[in-house]
Amino acid sequence: MSEQDETPPAEGTTRRRALMLGAVGASAIVSIRPALAQTNASVINCEIPVPDAGRAGSYIAADGSVVPAGTPGAFPPATFAFKGEDVKTALGGGQLPGTTYEQSQAYVKYIRRLQSGTSGFTCFASLQMPRG
Amino acid sequence: MAERLFHAEPAEALRIVPLDDFTLVFHRPSGLTHLVTAPAPEILAILAGGPRTRDALLQRLAEAYDLADPSPEALDARLAELVAAGLVRAA
Amino acid sequence: MRHVFQVRIGPVGFRVGSDWRAPVARLEDLYAAYPRPEDGIPDFTVRLFAARPWRRWLRPSVTLGGDFVLPEAAPLPLSQGLLAAEMAMNLQMALGQRRYLLLHASTVERDGRALLMTGLSGAGKSTLAALLAARGWRLMGDEFALVDPETGRVHAFPRLVSLKNGAIPIVRAALPDARFGPLIAGTPKGDIRHLVPDAAAIARMDQPAEPALILFPRFGFAPARRPLGPSEVFVRLTQASTNYVALGERGFDALTRLVREVPARAIDYPDAEAAIAEVEALWAGL
Amino acid sequence: MGRPVTDAMLLAAALRDPAGFTETFSPSPFRAFGAPSLSHREREGAREAKPSGKGEGDNPNPWTTLLAMARAEQLLGTLAIRLDGQPMPAAAARILADARISIAGQRRAALWEAEAARRALAGVGCPIVLLKGTAFAAAGLRAGEGRSIGDLDILVPRGALDAVEAALLAAGWEWVKPDPYDDAYYRRWMHELPPLIHRDRDRMIDVHHTILPLTARITPDAGALIADSVALPSGLRVLAPNDMIVHAAAHLFADGDLAGGMRNLWDIHCLLEEFGAAGLAGRARHHGLWPAVARAARLAHALYGTAIPDDWRPRAALDPLYRRRLAARDGWGRPTRPLLRQAFYLRSHWLRMPPAMLARHLWTKWRKGHRPT
């Protein structure tokens, strides 16, 4: 029961819209994880290069997709990998260190497509439960 | 193993709600929610018509859309993500 | 347990048992105007207890217990007993609430329509809610917004508003005759003082409201305003909910309706006045 | 006429006879008819728990007591199903209705975890036998109705352990505690792999190759468990009914420290009521677990009124101790009778490993800061 049927146009019709399969590393799916997940999202204690090593040198477009270097309106690769803590804050609405607001938004969209979402975790931190 | 068939979940198992460049997919059997972006909705729509091998799927995608990067490895990666999420079954 | 306190906050009844008199006395004082749990049967039980018998007297420290607990939660000094009770009640909602979709958000209401302010702690949500209440908005809650999956309406959860550090004098100035709890110093988040919601908030806590605007405020930045796309709002709200996944399809329905029907803005603001002006402007423009 | 009942025997009474319990404590006018089957002591105990006055003192509403006990014993979902439709105060009805909604979601997530494991292990090609709560739900048994289900427990042939481990790691599971001592300990002495947890779904899976630790003095016939297991339409398998009861009793007495004992015993009650006891004694003896099964049946009869063969009834001397440990819970959901609990905790370790190894195990755990709570 899909609210809006996406069946592709019949074979042979002329109207074909563009479609990107995307890079091997750029996930096309974000899964909402249970709140207070025990398995600390890998994003917390890892470093995330933007873009990933496989596409060093490529630029990041405003919607987070990877585009050839020098594409107008896109951002150059980040000068250093972001810490997990920075990414968690950015995912919750903060800004990545050493970036302009627009740059940060593009990178966050790229990162969000790279790893699964962490449901409820950032909100839990704000319940200020002092950890023993 | 190229002739492995990829099956979509039955239609009644999914709630698909397009939003913007992401589409919401609620998977009833697991109770989990996924946000998918191109080419995942398009892959799910084709497989909803019936199971296909990776090559048949790639060919159907190339016919239906203007594929800028028709690489089998990229399609394998997209399929692997959908299998890991439980939205596609490889048999 | 030696000392017992019962209260209903919005649609949820609580029972707090304590090894000490002080926290219960404080709760009875600050929640005096609140009703008791429906039929005398609370939804959740909270326990404030001494992990070791001697901890009742020797440098007494309060361990948090109840229906739902976090094993690694650290005990608090007895002087912060009120804070321990509030945290433990929050924890029951965060881990145990299953009827309503729980969003970590402050909520105020005007003309039957609700404004939700959600985002990381420290974004000033509670302060904004208290200041808007001073300007005639009805306070629905400063910590949790309860969204009914069947109707899409927001239900109030008007617990004590916890104000931190610099916000305390600002809100005291804005609400000179409001009731406040004691100043609790040296907490993990600095000084905390609780504001008792006003009579209107308590009298009308059973009146739900239609969500009309979702704001993602950020305190301490130059004024800015940015619309948010529905998928980004969706992901952010799942991160602001501790029971979205547990609610299954009901949670999906509630959140999908919210992101498709209710406009959302990210607003940055340097101080409270700027934020209030921004909120009133956005609300007028709905 | 004994002290009024204020421990978890009250919860047992409500599960055993929902109509009796609600008749005694619901506000309905027709309460006078028929003698509720709650014993006098049980009624007095619960009635002593009148709605509390202001602040001081502690005599909560009997429904508050029941719900707190049920939550603490992981039986709130089961209670919600058992009491569905009974007259009761509106607040209790609402809380139990919420519990039914919540339990339905838990059941779906548990069944999906089994399906995800089936897909991940399809390539290994060995039989996969579901155990405990997931098995009851997957097979549609009464024991699965309203049951809260935590981890996924599966039984596989010991020879297939390495292939199963590799397939799960490849499909997104990861080790819960990558601690070498635990890992070696599990592999060498325990009846299961170290626990794994799925990266995205945050759900744990325990892979067993038999149902008791290798070190325990009793060695059940794992081969027979798998050989006589029953296939479900999905291709996953469940133990034969008698083996389910033997496993539940083994988990309760031969392996565990009775934690979650009331829920475990309710499973046994439901299985005995659904399948009866035909051939059970013989099968239990085959696995060397007849004493545990007999004790489980007697205690289920005592707590929940399970129909058991007459010649199983005469009580063993220690039964009352087991009952007091099982019911060691108060109206605030707190565990009570600490010395009795500690005794059963030590006994469970004693049963799992020979003395020398127990000492070394406890020493290692103590050195690493693991204190039994």
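Values in this document were obtained by computation on a predicted structure and should not be read as measured data. Here is the naming used below: chain letters follow the sequence lines, and residue numbers restart at 1 for every chain. These values consider heavy atoms only, across backbone and side chains, with no hydrogens, waters or symmetry-generated copies.
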How would you list, in number order, the residues of residues 96-103 of chain D that have a heavy atom less than 4.5 Å from chain C? D/Ala97, D/Asp98, D/Ile101, D/Ser102
Determine whether the side chains of C/Gln207 and C/Arg204 contain a donor N or O and an acceptor N or O closer than 3.5 Å. yes
Just by distance, no angles: are the side chains of C/Thr45 and C/Arg15 close enough, under 3.5 Å, to form a donor-acceptor pair? yes
Any sub-3.5 Å donor-acceptor pair from C/Glu109's side-chain atoms to C/Ala209's backbone N or O? no
Could you grab the distance from atom OH of C/Tyr100 to atom CD of C/Glu150, nearest 0.5 Å is fine? 9.5 Å
Between D/Trp63 and D/Phe21, does the ring pair (Phe, Tyr, Trp, His ring centres under 6.0 Å) criterion hold? Intermediate values first, please. CA-CA 10 Å; D/Trp63 287 96; D/Phe21 186 91; 5.5 Å; yes
Interface moiety of C/Val46 toward chain D, non-hydrogen atoms closer than 4.5 Å: backbone
Quick check on C/Phe68 against chain D: is it the side chain, the backbone, both or neither that has a heavy atom closer than 4.5 Å? side chain
Give the ring-plane orientation class for C/His104 versus C/Phe144, where under 30° counts as parallel, over 60° as perpendicular and anything between as tilted. perpendicular
Could you tell me how the ring of D/Trp173 sits relative to the ring of D/His198: parallel (under 30°), tilted (30 to 60°) or perpendicular (over 60°)? perpendicular
If I measure from the heavy atoms of chain C, does D/Ala92 come under 4.5 Å with its side chain, its backbone, both, or neither? both
How about C/Pro197 and C/Leu160: do any of their side-chain heavy atoms sit closer than 4.5 Å? yes
Go through C/Pro42, C/Gly66, C/Gly248 and name the one with the most non-hydrogen pairs under 4.5 angstrom from chain D. C/Pro42
